[in-house]
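Here's the structure we're looking at; comments come further down.
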Amino acid sequence: MRKSLLIGVMVLASMILIGFFLVLINKTSSIENQISYIEGSYSINVDDFRALAGDADYVFSAEVTGIEGYIYKNPVMIETVTGAKRITTPYTDYSIRVIENIKGKLQTEDDIIIQKAGGISEDGKITVIFERDVLPEIGKTYIFYAYAQEDGSLLSAGPNSCLKLANEVNNGKKKVKAADSTYKKVLDGYNHQIETDRPRSKSKYEIDE
Amino acid sequence: MKNHMKVLCTLLGGALLACSMRVHASNVAIMSWSLLDSGKHLDWDGTSEYLSYFQSGVDTWNDYKPGVIRQDSWNTIEDVAISDYYEQNSVSGYTDKAGMICFNKYNMSRYSSAEKQHTCTHELGHALGLAHNQFGDIMYAELTYHTVLSENDKASYDASYNR
Ligand SMILES: [Zn+2]
C-alpha cells in the first residue's frame with residue numbers, strides 16, 4: 001500500500017516536472033517567433049571591434065531615454081495568393097543621452113535622436129531586427145556605433161551596432177562600469193581602429209572641441 | 001622512372017583523399033527560413049540598378065540547380081521583391097523573410113563589378129535559406145570578390161533545398 005502510494009507520488013511529480021518543461025519550451029519558442037532577423041552582407045567585418053570603430057563616425061555610450069517613433073522605409077509591393085501586399089523595413093527613433101564620447105564628440109548636455117534599423121513591423125505583428133543586433137530598452141545603457149547621414153541625423157544599423165552595457169550610479173549620475181567586458185573590447189577596438197576610406201557626413205549634434 | 005610513377009601516384013592519391021575529405025568536411029549553414037515557395041521555386045520581381053549583377057547571381061545558383069530561381073511572370077506568385085535604397089553605414093544589402101532583397105546604393109556604387117556580383121549572389125543565397133559561412137564562401141558575411149559557389153555554399157544549398 002505504501003509502496004504504490006510512493007510510486008503514485010513519484011509519477012505525479014515527474015508529470016508535473018515534464019509539464020513544466022513543456023510550458024517552458026513553448027514559451028521560449030513563442031518569444032523567438034515574434035522576432036524576425038534580417039540577414040545582410042557588410043562592407044566590413046562586423047565581428048571585429050577595430051573595424052566597427054574605424055567604419056563608424058561616432059562611438060559612444062548612452063542611456064536610452066525614450067522612443068520617439070517608428071518609421072517604415074524601403075516599401076515594395078509583393079503579390080500574394082490573396083492579392084498585393086506592401087512590405088517595409090521598420091526603423092525606430094530613440095532619444096538618448098550621451099554619457100561618454102569615445103570616437104567623435106556629440107553633445108552630452110541634452111538628449112539627441114538616433115535612428116536604429118529595426119522595430120515593430122508595420123502590421124504590428126513582429127519585431128524586425130538585424131542579425132546579432134539589439135533594440136535598446138528605455139533606461140538602459142548601450143554602446144552605439146553611429147553613422148551621420150547627409151541630413152545630419154544619426155543612424156545605427158547592423159550586427160553589433162548597439163551593445164548593452166552594465167552601468168553603475170555615481171552621485172545620481174549614470175556612469176559606465178570601467179570593468180565592463182564589452183566596454184573594454186569597444187575601447188580597445190577604438191584604440192586600434194581600422195579606418196575605412198569612405199565619404200562621410202557630419203552629425204548635427206556634433207560639438208566643437 | 002619507377003620512382004617518378006610512385007611519387008605521382010602518391011600525389012594523386014593524396015589529392016583524391018584531400019578532395020573527398022573536403023567534401024565530407026563541408027560546413028553546412030542554413031537559416032530557419034527560406035523564401036523558396038511550396039513548388040521549390042524562388043520567383044523574383046522588382047527592379048534595381050544592379051540588375052545585371054543580380055542576373056549573374058541568379059545564373060550562378062541556377063547553374064548548380066537549374067530552374068529554381070525564376071523571374072516572376074503572370075502565372076507565378078512572386079516570392080521576393082528586389083529594390084535599392086541609400087543609407088550611410090556598413091550594410092551592402094539585406095534580405096528580409098517578409099520577401100524582400102534590398103541593395104544599399106551608398107556601398108554598392110563604390111564596389112567593383114566582382115564585389116557587386118558577390119553581394120547580389122550572397123543575398124540570393126539568404127533568400128534560398130543559406131546562413132553565413134566561412135571565408136571563401138559566397139555566404140561569408142563580409143564583402144569579398146568571390147563570385148563562384150564553394151563546396152560549403154553547394155552543401156548548404158542542398159540542405160536548404162531538401163528540407
Ligand atoms: Zn549575409
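Note that this is a predicted model, so its numbers are computed, not measured. Just so we're on the same page: letters track the sequence lines, and every chain starts at 1.
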Notebook entry, point to check: Among residues 79-98 of chain A, which residues come closer than 4.5 Å to chain B, judged by heavy atom distances?
Noted result: A/E79, A/T80, A/V81, A/I87, A/T88, A/T89, A/Y91
Notebook entry, point to check: Using non-hydrogen atoms only, which part of B/M31 is less than 4.5 Å away from chain A: side chain, backbone, both, or neither?
Noted result: side chain
Next item on the list: Examine whether an atom of A/I44 lies under 4.5 Å from a heavy atom of chain B, and if so say whether it belongs to the side chain, the backbone or both; otherwise answer neither.
Entry: both
Margin query: Is the ring pair B/Y50/B/Y53 parallel, tilted or perpendicular, if the boundaries are 30 and 60 degrees?
Written below: tilted
Check: Are side-chain heavy atoms of A/I113 and A/Y205 found at a separation under 4.5 Å?
Finding: yes
Next item on the list: Could you check if a side-chain atom of B/M108 sits within less than 4.5 angstrom of a side-chain atom of B/C120, using non-hydrogen atoms only?
Entry: yes
Check: Looking just at side-chain N and O atoms, do B/S150 and B/N152 make a donor-acceptor pair shorter than 3.5 Å?
Finding: no
Margin query: Under 4.5 Å from any heavy atom of chain B, what part of A/R198 do you find: side chain, backbone, both or neither?
Written below: both
Notebook entry, point to check: Where does A/E150 contact chain B at under 4.5 Å (heavy atoms): side chain, backbone, both or neither?
Noted result: both
Next item on the list: Could you tell me which portion of B/E87 (side chain, backbone, both or neither) has an atom closer than 4.5 angstrom to a non-hydrogen atom of chain A?
Entry: both
Checklist line | Which portion of B/T47 sits near chain A, non-hydrogen atoms under 4.5 angstrom | finding: neither
Next item on the list: Side-chain contact test, heavy atoms from C-beta onward, threshold under 4.5 Å: evaluate it for B/W61 versus B/T121 and give yes or no.
Entry: yes
Check: Which of the residues A/N45, A/L52, A/D47 is involved in the greatest number of heavy-atom pairs with chain B at under 4.5 angstrom?
Finding: A/N45
Check: A/A148 versus chain B, heavy atoms under 4.5 Å apart: side chain, backbone, both or neither?
Finding: backbone
Note to self: At a 4.5 Å cut-off on heavy atoms, which part of A/F130 comes close to chain B: side chain, backbone, both, or neither?
What the structure shows: side chain
Next item on the list: Look at atom NZ of A/K164 and say whether more than 12 heavy atoms of other residues, nucleotides or ligands are closer to it than 6.0 Å.
Entry: no
Item checked: Positions in residues 53-74 of chain A that reach chain B, provided some heavy atom is under 4.5 Å away -> A/D55, A/K73, A/N74
Notebook entry, point to check: Will you find, in the side chains of A/Q149 and A/S201, an N or O donor that is under 3.5 Å from an N or O acceptor?
Noted result: no
Checklist line | Proximity breakdown for A/P159 and chain B, heavy-atom pairs closer than 4.5 Å | finding: neither
Notebook entry, point to check: Does any heavy atom of chain A fall under 4.5 Å from the side chain of B/D72, the backbone, both, or neither of them?
Noted result: side chain
Next item on the list: Answer with yes or no after comparing the ring centroid distance for B/H146 and B/F135 against a 6.0 Å cut-off, counting only values under it.
Entry: yes
Next item on the list: Answer with yes or no whether the side chains of A/S153 and A/Q115 bring together a donor and an acceptor at under 3.5 Å.
Entry: no
Note to self: Please determine whether the number of non-hydrogen atoms from other residues, nucleotides or ligands lying under 6.0 Å from atom CG of A/D197 exceeds 12.
What the structure shows: no
Checklist line | Any B/Y157 side-chain heavy atom under 4.5 Å of B/V68 side chain | finding: yes
Next item on the list: Take B/Y111 and B/T119, measure what side chain to side chain donor-acceptor pair (under 3.5 Å) needs, and give me the verdict at the end.
Entry: CA-CA 10 Å; B/Y111 290 167; B/T119 306; 5.6 Å; no
Item checked: Other residues, nucleotides, ligands: >12 heavy atoms within 6.0 Å of A/E195 CD -> yes
Checklist line | A/K116 versus A/S161, side-chain donor and acceptor atoms under 3.5 Å | finding: yes
Checklist line | Contacting region of B/N107 [heavy-atom separation from chain A under 4.5 Å] | finding: side chain
Note to self: Measuring only between side-chain heavy atoms, which start at C-beta, is B/T76 closer than 4.5 Å to B/R70?
What the structure shows: yes
Item checked: B/Y64 atom OH, neighbour heavy-atom count above 12 within 6.0 Å -> yes
Margin query: Less than 4.5 Å to any heavy atom of chain A: does that hold for the side chain of B/H132, its backbone, both, or neither?
Written below: side chain
